[in-house]
Amino acid sequence: MARDVVSAKLDIIFKKIFTENKDMLTSFISSILDIPIESISEIEITNPELPPETLSGKFSRLDLSMKFDGRLVNVEIQVKNDPDYRDRTLFYWAKLYSSELKSGEDYSELKQTITINIINFNMFEGADYHTEVAAMIKGTNEVFSDKFSIHFFELKKIGKKPDPKNKKELWLQFINADSEEDFEMINQTDIPIMKKAVKVIYDMSEDTKIREVARLREKALHDEASALKNAKAEGISIGKNEGKNEERAKLIANMKALGMTDEQINQIIFYNK
């Protein structure tokens, strides 16, 4: 019987894995950004905590922020396709970019800022699972600034069959894996860091406390999605009612301008309600 495994697609599992295993984080960042692993001197995680209230609380988001080699990097797992996701990504990038510039410092002190968005839905056309958004000059494709970089990795476009020579894809397959069978395919590549990653997942899956935390987090995310859906429906309903009320107010004003009495107006409004 196949074991029931937790998924690194769940943001709290993702963050726990990479905050507690620096060697895995280094390999992940190196692979995902195509940076030689030997060039990464040290990674400092700037938000390693998992505040208890975010585990089951609604409308909270867990990301992983870090510094390395003069860069600022933020990684976020996004399961649902929110309508404002692109704007939110830009906002997070801008906030991170300006976060370390102290009063009186020169703008040249601003660091290269990279946001990595691992998304469980399709956002762009085409079959490529990786899209990088850069600041380019329209018409010439000249780079305006290399300090701006936003990456999207679309999990729906990742294949199931692992390629031992493509570590970037292996890490994304690891995050995308939902079953023991998926993890075993990664295990069979015999790449030491990937075998360790699978073992970490298996160990976490055997930990009843972690499984309960994962269950609470998953429930919170489902509750959030339902709440947002209901709020949107209610907003549409209110909008329609407000539109009707506005039209009714204009109609009453026009009828009064014609010299109609309140009684006559009420009779008409009530009849057409």
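From a predicted model like this one, the values you see are computed outputs, not experimental measurements.
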Checking side-chain polar atoms at under 3.5 Å, does Asp69 have a donor or acceptor matched by the opposite partner on Ser41?
yes
Does Ser98 use its side chain to pair, donor to acceptor, with the backbone of Ala94 at less than 3.5 Å?
yes
Any donor-acceptor pair under 3.5 Å from Thr115 side chain to Thr113 backbone:
no
Any sub-3.5 Å donor-acceptor pair from Lys168's side-chain atoms to Asp34's backbone N or O?
no
Sole residue of Leu33, Val133, Ile32 in side-chain contact (heavy atoms from CB on, under 4.5 Å) with His151
Leu33
Could you tell me whether a side-chain N or O of Thr189 sits under 3.5 Å from a main-chain N or O of Pro164, the two making a donor and an acceptor?
no
Any idea which heavy atoms bring Met123 and Glu154 closest together, and the distance?
N-OE2, 2.6 Å
Mark yes when over 12 heavy atoms from residues, nucleotides or ligands other than Lys95 sit less than 6.0 Å from its NZ; otherwise mark no.
no
Tell me whether the centres of the aromatic rings in Phe174 and Phe183 are closer together than 6.0 Å.
yes
side-chain contact (heavy atoms from CB on, under 4.5 Å) evaluation trace for Leu72 with Glu100:
CA-CA 9 Å; Leu72 301 177; Glu100 292 211 333; 4.0 Å; yes
Return yes if a side-chain donor-acceptor contact under 3.5 Å exists between Asn122 and Lys157, otherwise no.
no
Let me see the working for Phe153 and Trp171 under ring pair (Phe, Tyr, Trp, His ring centres under 6.0 Å), right down to the final yes or no.
CA-CA 11 Å; Phe153 295 92; Trp171 275 117; over 10 Å; no
Heavy-atom count around Glu42 CD within 6.0 Å, excluding the residue itself: above 12?
no
Side chain proximity check, Lys9 to Leu155, heavy atoms < 4.5 angstrom:
yes
Passing option when Asp11 is tested against Asp63, Leu64, Leu62 for side-chain contact (heavy atoms from CB on, under 4.5 Å)
Leu62
Please confirm whether the backbone N or O of Gly159 pairs with a side-chain atom of Gln173, one donor and one acceptor, at under 3.5 Å?
yes
Can you tell me how the ring of Phe28 sits relative to the ring of Phe14, calling it parallel under 30°, perpendicular over 60° and tilted otherwise?
perpendicular
Nearest heavy-atom pair of Ser30 and Ile37: which atoms, and what distance?
OG-N, 3.4 Å
Any side-chain donor paired with an acceptor under 3.5 Å for Gln112 and Ser149?
no
Only one of Leu25, Asn21, Thr26 forms a side-chain contact (heavy atoms from CB on, under 4.5 Å) with Asp23, so which one is it?
Asn21
Check: Val75 and Ile118 side chains under 4.5 Å, non-hydrogen atoms:
yes
Polar side-chain atom of Ser205 near backbone of Val6 as donor-acceptor pair, under 3.5 Å
yes
Charged N to carboxylate O below 4.0 Å: is that the case for Glu218 and Arg215?
no
Between Ile114 and Leu96, is any pair of side-chain heavy atoms under 4.5 Å apart?
no
